[in-house]
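Structure record follows, encoded as structure tokens.
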Amino acid sequence: MSLPETRIYPDADALAEGAADLVAQLLASAIAARGRASIALSGASTPQPTHRLLAARPLDWSVVDVFFGDERCVPPGDPASNYRMARESLLDHVPARVHRIEGELPAAEAATRYAAILAGALPLDVVMLGVGNDGHTASLFPHTTDLPAGAIVVATESPVPPHDRVTMTYEVIRGAGARVLLVCGSSKAARLAEVYGELMAGCPQLPIARVGPTIWMMDEAAASQLPRRTS
Ligand code: 6PG
């Protein structure tokens with residue numbers, strides 16, 4: 001089992017700068033190689049500072065396809081919508097091609113419709129990820145089991161509201177060119193150390209341990225309980 005590359009930053013602002021630099025570099029490399037690039041954004045709160053900085057990076061967004069790793073089943077203008085968060089912090093500011101998960105639909109229908117769009121864009125170049133206090137990532141939770149073989153998008157249930165979710169599967173995340181995990185704050189430190197321990201032992205259990213080789217980008221607080229510190 002390969003251990004993640006860990007990049008640790010003094011604080012949240014430095015983390016956001018570093019993450020914006022890395023994501024812009026990954027997208028620029030894909031554009032240089034193929035004339036276009038694709039990324040799946042993660043949701044909730046951590047990515048917002050990175051999004052705002054990314055919007056100002058010199059990148060030809062007109063050839064970037066933006067997808068979402070997951071979405072809450074709420075309308076696109078709902079405060080809980082990952083699309084709304086991304087729109088406000090990034091997508092309103094760049095001319096990217098945006099492929100929204102239709103959270104206003106029933107989860108199963110939204111998943112089917114999104115899979116039809118996503119299927120034609122795989123493998124993605126970059127997948128951004130977050131991690132919840134329970135070790136979930138995207139909307140793949142510890143209790144999310146029995147995913148249909150070959151499925152690329154599924155409906156899941158979150159233990160915290162909004163309960164109905166739509167998420168990319170492990171297969172899609174693992175198949176991407178690069179995975180970038182952003183973690184900020186001491187509340188995630190213990191869980192991150194647990195996941196790192198799973199990877200060191202070669203027995204990944206928690207969702208964020210099962211997504212394949214990933215670049216872990218953290219602030220000092222989130223990294224404070226890792227077994228060893230890499231620069
Ligand atoms: C979601 C996210 C989820 C998120 C983690 C971390 O829809 O909630 O995709 O996987 O990345 O829960 O959330 P925070 O960044 O708010 O800590």
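FYI, the numbering just counts along the sequence from 1. Ligands are counted one by one from 1 in listed order, and the atoms in each one are counted from 1 as well. Just so you know, these numbers use all the heavy atoms, side chains as well, and skip hydrogens, waters and symmetry mates.
Under a 4.0 Å N-O distance rule, the pair R34/D125 qualifies as a salt bridge. Salt bridge E17/R57: present, at least one basic N to carboxylate O contact under 4.0 Å.
Here the side chain of R165 pairs no donor or acceptor atom with the backbone of A138 at under 3.5 angstrom. For N82 (side chain) and D70 (main-chain N/O), a donor-acceptor pair under 3.5 Å exists by modelled atom type. Side chain of R179 to main chain of I173: a donor-acceptor pair is present (N/O by atom type, distance under 3.5 Å, no hydrogens or angles).
Note: an N/O pair closer than 3.5 Å links N82 and ligand 1 by distance alone.
The nearest heavy-atom contact from the protein to atom 6 (C) of ligand 1 is V131 O, 3.4 Å. Ranking the protein heavy atoms by distance from atom 10 (O) of ligand 1 puts A138 O, 2.7 Å first. Residue, atom and distance of the protein heavy atom nearest to atom 11 (O) of ligand 1 are G130 CA, 3.3 Å. For atom 5 (C) of ligand 1, the closest non-hydrogen atom of the protein is H136 NE2, 3.6 Å. At the top of the distance list for atom 8 (O) of ligand 1, counting protein heavy atoms only, stands R72 NH2, 2.9 Å. Residue, atom and distance of the protein heavy atom nearest to atom 9 (O) of ligand 1 are D70 OD1, 2.7 Å. From the protein, the heavy atom lying nearest to atom 4 (C) of ligand 1 is A44 CB, 3.9 Å. Considering only non-hydrogen protein atoms, atom 16 (O) of ligand 1 sits nearest to S45 OG, 2.6 Å.
Between E102 and E71 there is no side-chain heavy-atom pair separated by less than 4.5 Å.
Ligand 1 lies nowhere less than 4.0 angstrom from a heavy atom belonging to E71.
Of all atoms in ligand 1, listed by their number and element, those nearer than 4.0 Å to a heavy atom of T46 are 14 (P), 15 (O), 17 (O).
At most 12 non-hydrogen atoms from other residues, nucleotides or ligands lie less than 6.0 angstrom from CD of E157.
Note: F141 and H136 have tilted aromatic rings, judged against thresholds of 30 and 60 degrees for the angle between ring planes.
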